[in-house]
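Only one structure is covered here, and it is reproduced in the block below.
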Amino acid sequence: MEAMVTPSRTPFSPFLSSQLKPIPKPTLHLHSPIPSPPPKDADATATTFTLQQTKEIHAHIIRTQFRPTNILPAQSSPQAQLNFLITSYIKNNTPSAALNLYAHMRETAASPDNFTVPSVLKACAQLSSLRQGMEIHGFVIKAGFHWDVFVHNSLMQMYSDCGSLGFATKLFDEMPDRDVVSWSTMIRSYAWCKLFDEAIELVREMLLSGIRPSEVAIINMLNLFADVGEFTKGRPVHTYLIKNSARESPSVNATTALIDMYVKCGSISAARRVFDRMEEKSTASWAAMIAGFIRGRDMGTAMELLIEMRHNHVFPNEITMLSLVIECGSIGNLELGKWLHAYILRNGFKMSVALGTALVDMYCKCRDLWSAREMFDLMDGKDIAVWTAMIAGYAHTNCIKEAFDLFTQMKDANIKPNEITMVNLLSLCSEAGALDRGRWIHACIDKQGIEMDVVLTTSLVDMYAKCGDINAAYAVFTQTTDRDVCMWNAMINGLAMNGYGEETISLFMEMEKVGVRPNNVTFIGVLRACSHSGLVEEGKQFFSCMEHDYELVPKVEHYGCMVDLLGRAGHLDEAHEMIRRMPNEPNVIIWGALLAACKVHKNPKLGELAAKELLKLEPHNSGYNILLSNIYAIDRRWSKVAEVRKSMKDTGIKKMPGMTAIEVNGVVHEFVMGDASHPQSKKIQAMLSEMQEKLKRAGHVADTSGVYLNIDEEEKETLLNYHSEKLAMAFGLISTPPRTPIRIVKNLRVCDDCHAATKLLSHIYGRVIIVRDRNRFHRFCEGSCSCQDYW
DNA sequence: CTAGGGTTAG
């Protein structure tokens with residue numbers, strides 16, 4: 001099903017074609033009956049009925065065996081009556097009822113007609129049921145319907161809504177006469193799949209083919225350019241609007257969409273000009289403009305407009321407040337968020353569940369978990385979205401316990417988790433390396449029958465990969481065929497960080513083969529794989545082909561990967577040369593990569609240069625100060641070391657604490673250096689002493705070169721023994737059964753001494769020890785380590 | 001027209 005997300009417009013995957021052959025041609029089938037065109041003015045369809053009323057009419061129709069009723073026009077055929085019911089069910093958001101009726105029609109004499117088809121296709125779209133949609137497509141072919149624009153457009157819309165851009169495109173390409181709706185549908189489909197360039201190309205083609213865009217089409221286009229976020233691309237539509245407004249001025253809605261487009265493209269001034277010229281402004285126009293000022297962090301003007309709006313007798317509604325709160329959360333302005341919250345309460349807005357959720361989410365994004373929780377606890381009728389928003393808040397701040405506690409409470413409250421809830425919990429497990437928890441979530445997903453969409457599958461792949469179970473990650477990855485670029489990236493990066501260099505490259509090849517276009521993130525994974533596996537030449541090739549063959553401009557991150565790749569391999573001068581040649585301004589990632597390489601390959605001269613550049617960029621960053629002092633320590637220039645340390649102390653810079661986490665029986669335990677806060681601290685200390693003893697006997701000499709303090713060797717050794725990774729390992733050894741693997745996660749790089757010690761410990765205790773540090777895995781087994789570079 | 005919670009990389 002790869003073609004469902006195939007980016008290119010033209011090819012129609014042979015796999016898919018074979019399922020739907022023959023593709024219908026708009027020819028007239030003289031021998032099959034041509035169904036009558038849809039009734040033009042059925043009174044009943046103009047009226048909207050509630051779901052309850054619809055059900056009653058349904059029951060009545062069945063009871064009276066399609067006899068004319070006083071609700072429907074007297075001459076209504078059974079067909080028309082059923083069509084009416086289908087439409088009414090769809091209007092009431094019960095697409096499955098509509099599809100059941102359709103199935104009923106197929107079994108009875110009342111065969112579906114040209115009027116039925118668009119309605120039931122809409123139901124399929126609402127349910128994202130590609131299978132049923134294809135079935136209807138097949139029926140349309142078999143029944144020999146007249147292929148008018150309406151049927152074509154409905155089918156395209158269904159395929160596009162079910163995520164099958166490939167089928168939609170195929171139909172579009174085969175249409176003899178495309179109307180403005182056909183074009184709009186395609187443009188919208190491409191925009192949804194984030195294929196903006198293709199969408200823009202379609203806009204161009206549409207205008208060239210002489211189609212005059214309708215208002216809906218114009219609004220669609222403006223929304224498209226708002227998503228693209230590029231000022232220059234949206235400009236032509238504005239020009240078009242101005243040109244045409246000589247005859248008829250654009251509607252308030254179109255102008256509002258224009259303001260929204262300018263705001264999202266970051267041009268507040270252009271938005272303001274349009275806004276000021278508007279004679280009549282709707283609530284939405286004001287909201288779009290105010291959201292723009294919030295986005296531009298101009299709170300003063302935003303507040304002024306909010307007040308001015310009321311002076312103009314336009315009043316904000318719930319949706320206005322909703323979008324303001326969301327915008328505020330995305331810029332993380334807590335002060336404004338609190339003000340908006342107060343404003344909402346003061347002005348008696350109805351606190352809907354949606355608005356409450358937006359507030360909870362806003363507080364979470366502003367990292368005020370306490371206020372978020374307060375709001376959350378106050379809310380009545382909490383639905384799955386609020387629970388998920390709150391869990392997401394805990395997940396993003398790495399509050400494992402709180403997140404899982406809340407998850408339990410949610411289940412106790414009989415709220416069924418959905419895929420979004422699970423994605424949040426999984427990302428938490430990824431971060432903490434909590435494999436057992438992650439597996440448990442996976443089991444929950446299966447048990448609860450939660451739909452595995454692309455995002456959830458990607459999260460699962462990511463979780464297994466980041467927890468070091470690469471086989472499980474691959475198993476999930478191969479179970480699905482509907483993979484988007486994110487999922488490929490997750491798998492590629494997973495292989496890369498687990499040290500599978502060659503495999504990463506072959507997966508990349510496969511991705512290319514099935515026609516998924518790699519993006520910037522993909523290349524970060526591929527380059528990192530080359531870096532970790534010492535594939536210098538391959539890395540250089542990928543780096544040059546990403547620009548030449550894939551038209552992707554390497555970003556600073558890619559240069560960072562290259563500096564890391566060359567640096568790790570010891571090509572320090574080449575790495576330095578790369579930095580000098582790069583078009584972008586080198587940032588901390590670049591110099592940091594060079595500095596780390598200089599430390600490993602003991603090149604204090606270049607290292608000092610890198611460290612000084614780093615400190616120019618971020619004088620207060622503790623990590624770089626420490627690295628600089630480390631560089632001096634290599635040359636044993638202790639006075640310089642002391643100087644840096646002192647300046648750090650003076651400016652109040654503290655070292656980011658090294659932390660190591662280990663999951664035992666689904667509970668994540670965290671340790672910092674010299675940690676004695678764990679309930680089992682005594683036992684851990686005893687274990688540490690035993691480990692130290694055994695290490696000594698095995699001939700381990702403490703590598704104190706990682707301790708860059710001018711203290712005596714014995715003290716250095718003691719310090720090393722209390723590194724957080726050793727504490728976590730000791731705890732792992734005493735609390736898990738013999739021979740089971742030990743997995744730990746460290747937030748910084750593992751130091752040289754801990755690395756050497758872990759190798760021996762894996763042999764001494766007969767354990768596989770898997771350490772995940774800042775960006776990759778070290779797998780220790782019987783006294784050796786999987787990583788191939790400098791260790 | 002604006003419409004609550006989500007994935008990869010950093």
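Residue numbers start from 1 in every chain, and the chains themselves are labelled A, B, ... in the order their sequence lines are given, proteins ahead of strands. Excluded from the calculations below are hydrogen atoms, water molecules and symmetry mates; all remaining heavy atoms, backbone and side chain alike, are included. What you are looking at is a predicted structure, and each value in this text was computed from that prediction instead of being measured.
- Annotation: ring-ring contact (aromatic ring centres under 6.0 Å, His included) contacts of A:Trp591 (sequence neighbours excluded): none.
- Closest to the A:Leu322 side chain, of the nucleotides B:dG6, B:dT7, B:dA3, is B:dA3.
- Proximity note for A:Asn493 (side chain, C-beta onward) versus B:dT8, B:dT2, B:dG6: the nearest is B:dT8.
- For A:His442, the ring-ring contact (aromatic ring centres under 6.0 Å, His included) partners at least two apart in sequence or on another chain are A:Tyr464.
- Rounded to whole Å, the distance from CE on A:Met261 to P on B:dT2 is 13 Å.
- Regarding A:His396, its NE2 atom lies at a distance of 11 Å from the P atom of B:dG5, rounded to whole Å.
- When the P atom of B:dG5 is taken as reference, atom CG of A:Leu359 falls 12 Å away, rounded to whole Å.
- Heavy atoms of A:Val325 sit nowhere under 4.0 angstrom from any nucleic acid atom.
- Here A:Phe404 and A:Tyr394 keep their ring centres 6.0 angstrom or further from each other.
- Atom CG in A:Leu355 sits about 14 Å away from atom C1' in B:dT2, given to the nearest Å.
- Among residues at least two apart or in separate chains, side-chain hydrogen bond (donor to acceptor under 3.5 Å, both in side chains) pairs with a member in residues 422-431 of chain A are A:Ser430-A:Asp462.
- Non-hydrogen atoms lying under 4.0 Å from DNA chain B are contributed by A:Asp462, A:Lys466, all within residues 460-476 of chain A.
- Shown here are the side chain to side chain contact (heavy atoms under 4.5 Å, CB included) partners of A:Met659, two or more places apart in sequence or in another chain: A:Glu670, A:Val672, A:Asn747.
- Among the heavy atoms of the strands lying under 4.0 Å from A:Asp383 is at least one base atom, whether or not backbone atoms are also near.
- The side chain of A:Val521 has B:dT8 as its nearest neighbour among B:dG5, B:dT7, B:dT8.
- Here the side chains of A:Leu507 and A:Met491 are in contact, with some heavy-atom distance below 4.5 Å.
- In this structure, of B:dG10, B:dG4, B:dT8, it is B:dG10 that holds the atom nearest to the side chain of A:Ile524.
- As a whole-Å value, the separation of A:Met452 CE from B:dT7 P is 16 Å.
- In this entry the distance linking NE2 of A:His341 with P of B:dG4 reads 18 Å, nearest Å.
- Rounded to an integer number of Å, the gap from CE of A:Met351 to P of B:dA3 is 19 Å.
- Listed nucleotides B:dT8, B:dA3, B:dG6 differ in distance to A:Lys365; the shortest reach to its side chain belongs to B:dG6.
- In this model, the phosphate group of B:dG10 is approached by a side-chain N or O of A:Arg528 to a distance below 4.0 Å at OP1 or OP2.
- Here A:Asp453 lies in heavy-atom contact (under 4.0 Å) with a base.
- No donor-acceptor pair closer than 3.5 Å links the side chain of A:Ser371 to the backbone N or O of A:Asp368.
- Minimum atom distance to the side chain of A:Leu456 is reached by B:dG6, of the listed B:dT2, B:dA9, B:dG6.
- Of the side-chain N and O atoms in A:Asn223, one or more sit less than 4.0 angstrom from OP1 or OP2 of B:dT2.
- Contacts between residues 405-428 of chain A and DNA chain B, defined by a heavy-atom separation under 4.0 Å, are made by A:Asn418, A:Glu419, A:Ile420, A:Val423, A:Asn424.
- Partners of A:Val423 under the side chain to side chain contact (heavy atoms under 4.5 Å, CB included) rule, at least two apart in sequence or in another chain, are A:Val455, A:Leu456, A:Ser459.
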Review item, side-chain donor-acceptor pairs of residues 468-479 of chain A, under 3.5 Å, at least two apart:
from, atom 1, to, atom 2, distance (Å)
A:Asp469, OD1, A:Ala472, N, 3.2
A:Asp469, OD2, A:Arg439, NH2, 3.1
A:Thr478, OG1, A:Tyr474, O, 2.9
A:Thr478, OG1, A:Ala475, O, 3.1

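- Every ring-ring contact (aromatic ring centres under 6.0 Å, His included) that A:Phe275 has, sequence neighbours left out, goes to A:Trp286.
- Rounding to whole angstrom units, CG of residue A:Leu305 and C1' of B:dT2 are separated by 15 Å.
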